[in-house]
Amino acid sequence: MDEKKGVYKVRDIKLADAGRRQIEWAESRMPVLMALREKYSKSKPLSGYKIAGCLHVTKETAVLIETLAAAGAEVSWSGCNPLSTNDEVAAALAVGGATQIFAWYGMNVEEFYWCIDRTLDFKPNLTLDDGADLIFTVHNKYPNLAADIIGGTEETTTGVHRLRAMADDGKMMYPVIAVNDAETKWDFDNVYGTGQSTLDGIIRATSVLLAGKNVVVAGYGHCGKGVATRAKGMGANVIVTEVKATAALKATLEGMQVMPMDEAAKVGDIFITATGVKDILVGRHFDSMKDGAIFCNTGHYDCEINIPDLEERSANHRQIRTNCEEYLLSGNRRVYLLAQGRLVNLAAAEGHPSEVMDMSFANQFMSQLRLVRVDKGEEIMERGKVYDIPVEQDQEIAGVKLSTQGFKIDTLTEEQLAYSLDYAAGT
Ligand code: NRN
């Protein structure tokens, strides 16, 4: 581990050149965020502001960090999962000068929270989260810092869910913008990003053929729908398990089978949990699984696969491939857990492609600018509330994305607009 106290702690600073090339690759595929960097690197509206970030350290996140810094912010960063940091990118950020960085792949839980603590050393006045671990650390461990924090932003479904519950409890000490709930985030990142990156993680960890396999997807929300759709496209027989009737019904209309996990466990070849709920795969499911079954999680936390249940049923286990642990079960069955049950798309691959993170992170950047406007009194936010992204922002980001791809769209004429607003106009 290489460390420069108070500035960085990364696995190997010598990886910086390789990391820089990865970041340049991402920059070439994130035109919306790069356009925002170009637009704000002169006026530097984030000058004087300190942003603490807790979000997967990937080549795409590095583009966001360096855009925040180009807009004038002082930045300090940790990863938001012990297995999602790209060590080459972390090294490039450590030498790049845009941020303090405390992140490496394979940290333990104690190190994970040590890194978050380090990002709070410089007493931020803005936070940027994925999964709300940073915001919760401020509230539970450093409540004195909250008074000077203008607000925060939250990237992911699980984090927004937790923060809305916290706000309902009246416990949130500063306003948070729900970046996840932007249409240009959840309807792209969660669907197309998770769909591709989850299969990417599975294929890198196992190299198995997906075509013809029984792929069981637990949860048919935006993430699960993306994974199920992409798996179907690869020729898999997709089985969806759900607890929400409308979601399950949609899956049947997409030609997917729907059944309870107790039945799916007997026939599945590859299991992917995408529910955000704990104990989706538990002991009785492992007891039913076929020899050779593979299972992984693509939800934010590693609670969806009950690993203690698995370990108490296994005579022994060994790492048979990187990110692939073989467990020997009764009846001489061998089953395979990927990425220690942590989110397989980031732990065993590189997370979502740059093209979708471009829009997610454009929303993050514009939301941080919005919090600066709150600080300047140009917008009012209540200290304990969760705020949505303005619809105009979604259309602006989607419009820029379209234009970078050479697409043009129509606009309504005044007459058409009048007609669409005229409720009296009948047939
Ligand atoms: N490449 C990535 N970089 C990436 N892929 C997925 N995510 C990423 N963050 C940085 C996050 C998505 O936005 C993981 C979050 O849970 C999801 O909301």
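Whatever order the structure lists them in is the order used to number ligands and atoms, beginning at 1. Just so it is clear, the model here is predicted, and its values are computed rather than measured. Computed from heavy atoms alone, side chains included, the values below leave out hydrogens, waters and symmetry copies.
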**Study point:** Pairwise side-chain contact, Met359 with Asp189, heavy-atom cut-off 4.5 Å (strictly under)
**Key:** no
Study note, to complete from the structure: re atom 3 (N) of ligand 1, the protein heavy-atom contact at minimum distance is Thr58 OG1, 2.7 Å
Review point. If you measure from each heavy atom of Leu55 to ligand 1, is any distance below 4.0 Å?
Key: yes
Practice item. Would you mind checking which non-hydrogen protein atom is closest to atom 8 (C) of ligand 1, with the distance to 0.1 Å? Key: Met357 CE, 3.5 Å
Review point. Any heavy atom of Lys59 sitting closer than 4.0 Å to ligand 1?
Key: no
Review point. Between His139 and Tyr174, does the ring centre distance come in under 6.0 Å?
Key: yes
Practice item. Provide the number and element of each atom of ligand 1 under 4.0 Å from a heavy atom of Gly351. Key: 1 (N), 5 (N)
Study note, to complete from the structure: Logged contact type for Asp130 with ligand 1, heavy-atom cut-off 4.0 Å, is side chain
Check your understanding: Do Thr156 and ligand 1 have an N or O pair less than 3.5 Å apart?
Key -> yes
Review point. Are Tyr327 and Phe286 an aromatic pair by the rule of ring centers under 6.0 Å?
Key: no
**Study point:** Interfacing atoms of ligand 1 (cut-off 4.0 Å, heavy-atom, Phe361)
**Key:** 9 (N), 10 (C)
Check your understanding: N/O to N/O below 3.5 Å, does that happen between Glu155 and ligand 1?
Key -> yes
Check your understanding: ligand 1 and Asn190, any nitrogen or oxygen pair closer than 3.5 angstrom?
Key -> no
Check your understanding: Looking at Ser367 and Val179, what are the two nearest heavy atoms and their distance?
Key -> OG-CG2, 3.8 Å
**Study point:** Cation-aromatic face contact Lys185/Phe188, 6.0 Å, 45 degrees
**Key:** no
Review point. If we only count heavy atoms from C-beta on, is the His317 to Glu311 side-chain gap below 4.5 Å?
Key: yes
Check your understanding: Hey, does the Lys NZ or Arg CZ of Lys225 hover above the aromatic six-ring of Tyr220, less than 6.0 Å from the centre and inside 45° of the axis?
Key -> no
Review point. For ligand 1, which atoms have a heavy atom of Thr61 less than 4.0 angstrom away?
Key: 3 (N), 10 (C)
Point to revise | Interatomic spacing from CD1 in Ile135 to OG1 in Thr153 - rounded to 0.5 Å | key: 7.5 Å
Exercise for review: Could you tell me the residue and atom name of the protein heavy atom closest to atom 18 (O) of ligand 1, and the distance to it rounded to 0.1 Å?
Suggested key: Lys185 NZ, 2.6 Å
Review point. Could an N or O of ligand 1 be found under 3.5 Å from any N or O of Asp189, whether backbone or side chain?
Key: yes
Revision key, fill the gap. min-distance protein heavy atom vs atom 1 (N) of ligand 1 -> Glu60 OE1, 3.0 Å
Point to revise | Trp25 six-ring centre to Arg29 NZ/CZ under 6.0 Å and within 45° of normal | key: yes
Review point. Short N/O distance, under 3.5 Å, between His352 and ligand 1?
Key: yes
Study note, to complete from the structure: So the atoms of ligand 1 within less than 4.0 Å of a heavy atom of Glu350 turn out to be 1 (N)
Check your understanding: Which pair of heavy atoms, one from Ala218 and one from Ile280, lies closest together, and at what distance?
Key -> CB-CG2, 3.5 Å
